[in-house]
Amino acid sequence: MSAPTHHRLIILGSGPAGLTAAIYAARANLKPVLIHGIQPGGQLTITTEVENYPGFPEGIQGPKVMELFKQQAERFDTQFIEGEIVSCDLRKRPFQLRMEDSAHLSCNALIIATGASAKWLGLDSEQKFMNRGISACATCDGFFFRNQDVAVVGGGDTALEEALYLANLCRTVTVIHRRGELRASKIMQARALKNEKITFLWHTTVDEVLGDDSGMIGLRLHNLQTGSIIEGKFTGMFVAIGHQPNTGIFKEQLALNENGYISVEAGSTFTSVEGVFACGDAQDFVYRQAVTAAGTGCMAAIDAERWLAEREI
Ligand code: NAP
C-alpha cells in the first residue's frame with residue numbers, strides 16, 4: 001500500500017462551516033487541505049435567494065455566496081480536493097483518511113464540517129418545484145411566502161417550530177401529519193395548537209405537489225383513515241420530517257448524540273477525539289443557519305490552530 005499524502009490540517013466539507021474554517025486556518029499559515037464532499041458548497045447551493053446572511057443588504061443567490069466563500073479561502077492558499085472521504089481511522093496518529101478513488105491521506109488535525117441533509121418526501125413533483133414553492137427551511141425562505149397559504153409536513157419539533165415561525169408571516173399555516181398524534185414536545189404542541197393561524201390535517205400524507213409555470217399552486221392530499229383524496233391550495237410547502245447529519249463514517253469512532261450529530265464540548269468544537277474538531281450542521285441540530293455554521297467554522301480553525309501549536313506540530 002502506498003504511503004499516505006500527509007497534511008497538517010484537513011477540513012471535510014465545503015459549506016459555510018468548512019470554508020470559514022479554511023479561511024481562518026489558511027490565514028494562520030496552516031496550509032489547510034479542504035475536501036469538498038458530496039455536495040460542493042453545501043446546502044446553500046440548493047437554495048435561491050439568501051436574505052439573512054449579514055453583509056448582503058440586497059440579498060444574494062445561495063450558489064453565488066458559496067462561490068465568494070470559496071474565492072476567499074482560495075485567496076489564502078487553501079488546497080481543494082474534489083470528492084469525498086469514504087472511510088477514516090481516528091484511532092491512529094496521524095489520522096488516516098481514504099477517498100472514494102482510494103487516494104490515501106493522513107493529517108495531524110481534522111475539522112469535520114460535513115453538514116446535514118434535509119430529508120425529503122421523495123416525490124418527483126417535490127423535486128420539480130424545489131425552490132419554487134418547496135423548501136426545508138422556514139427561517140431561510142418563509143419571508144418569500146408573506147401573507148400566503150402554506151403547508152408544513154411533519155409532526156416533530158422541527159415541523160412545529162417551522163409552523164410557528166411561518167405563522168408570523170403567512171396568512172395560514174396547515175400542518176400535515178401522517179398520524180393523529182404529534183411527536184413534538186408538549187410545550188411546542190401547546191404553542192402550535194393554540195395559534196389561530198395554524199390548523200392541522202391529521203392522518204394525511206402528500207401524494208403530489210401541484211403547480212404550473214409560476215411554481216407550486218397546491219397539494220394533492222391523501223387521508224389515510226378515510227382513503228379520501230383532496231386538493232388544497234398552497235403556494236408553499238415546508239418539508240420538516242427531519243435532518244440527517246452526514247456523520248455515518250464517524251460512527252464508532254466519535255461520540256455522536258442519539259440522532260447522529262457529533263457531540264462537542266460546550267462552547268467549543270472539541271470532539272471526543274483529541275485533534276478532531278466539528279463545526280456546522282454536523283454538530284448543530286438547533287440553529288442550522290449559514291451564519292452560525294460559519295461562526296463555528298471559525299471556532300474550529302482557532303481550536304485546531306491552538307491545539308497544533310500546543311503540541312508544536
Ligand atoms: P423527528 O422528531 O424525527 O420528527 C419527524 C416528523 O416527521 C415525525 O412526526 C414523523 O412522523 C414525520 N415524518 C418522518 N418521515 C416522514 C415521511 N416520509 N412522511 C411524512 N412524515 C414523516 O424530527 P425533527 O422534528 O426534525 O426533530 C429532530 C430532533 O431535534 C428531535 O429530537 C427534536 O426534539 C429536536 N428538535 C428540537 C427543537 C427544539 O427543542 N426547539 C427544535 C427542532 C428539533 P411520525 O411522528 O409519524 O414518525
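Below, all heavy atoms of this structure are taken into account, side chains as well, without hydrogens, waters or symmetry copies. As the structure lists them, so they are numbered: ligands from 1, and atoms in each ligand from 1.
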The protein heavy atom nearest to atom 24 (P) of ligand 1 is Thr158 OG1, 3.2 Å

Less than 4.0 Å from atom 28 (C) of ligand 1, is there any heavy atom belonging to the protein?
no

Nearest heavy atom to atom 15 (N) of ligand 1, choosing from His243, Gln244, Glu161, Arg178, belongs to Arg178

_Carboxylate-amine/guanidinium proximity below 4.0 Å for Lys70 and Glu74_ = yes

Q. Between Tyr165 and Phe238, does the ring centre distance come in under 6.0 Å?
A. no

Ranking Thr204, Val286, Ile241, Val206 by closest non-hydrogen atom to atom 5 (C) of ligand 1, top hit is Ile241

Out of Gly155, Gly122, Gly180, Ala118, the nearest non-hydrogen contact to atom 9 (O) of ligand 1 is supplied by Gly155

Within-cutoff protein neighbour (heavy atom, under 4.0 Å) for atom 45 (P) of ligand 1:
yes

Within a distance of under 4.0 Å, is there any protein heavy atom near atom 40 (O) of ligand 1? no

protein heavy-atom neighbour closest to atom 48 (O) of ligand 1 works out as Arg183 NH2, 2.6 Å

If you scan protein heavy atoms around atom 23 (O) of ligand 1, the nearest is Gly242 CA, 3.8 Å

The protein heavy atom nearest to atom 34 (O) of ligand 1 is Asp157 OD2, 2.6 Å

Margin query: Quick one about Asp281 and Gln43 (side-chain donor to acceptor, distance below 3.5 Å, no hydrogens or angles considered), yes or no?
Written below: yes

At under 4.0 Å between heavy atoms, what of Leu121 touches ligand 1? The answer is side chain

The answer for which part of His177 has a heavy atom under 4.0 Å from ligand 1 is side chain

Nearest heavy-atom approach of Val209 to Ser125 is N-OG, 2.9 Å

Practice item. Say whether Arg179, considering both its backbone and side-chain N or O atoms, lies within less than 3.5 Å of an N or O atom on ligand 1. Key: yes

Ranked by distance from atom 32 (O) of ligand 1, the top protein heavy atom is Asn259 ND2, 3.6 Å

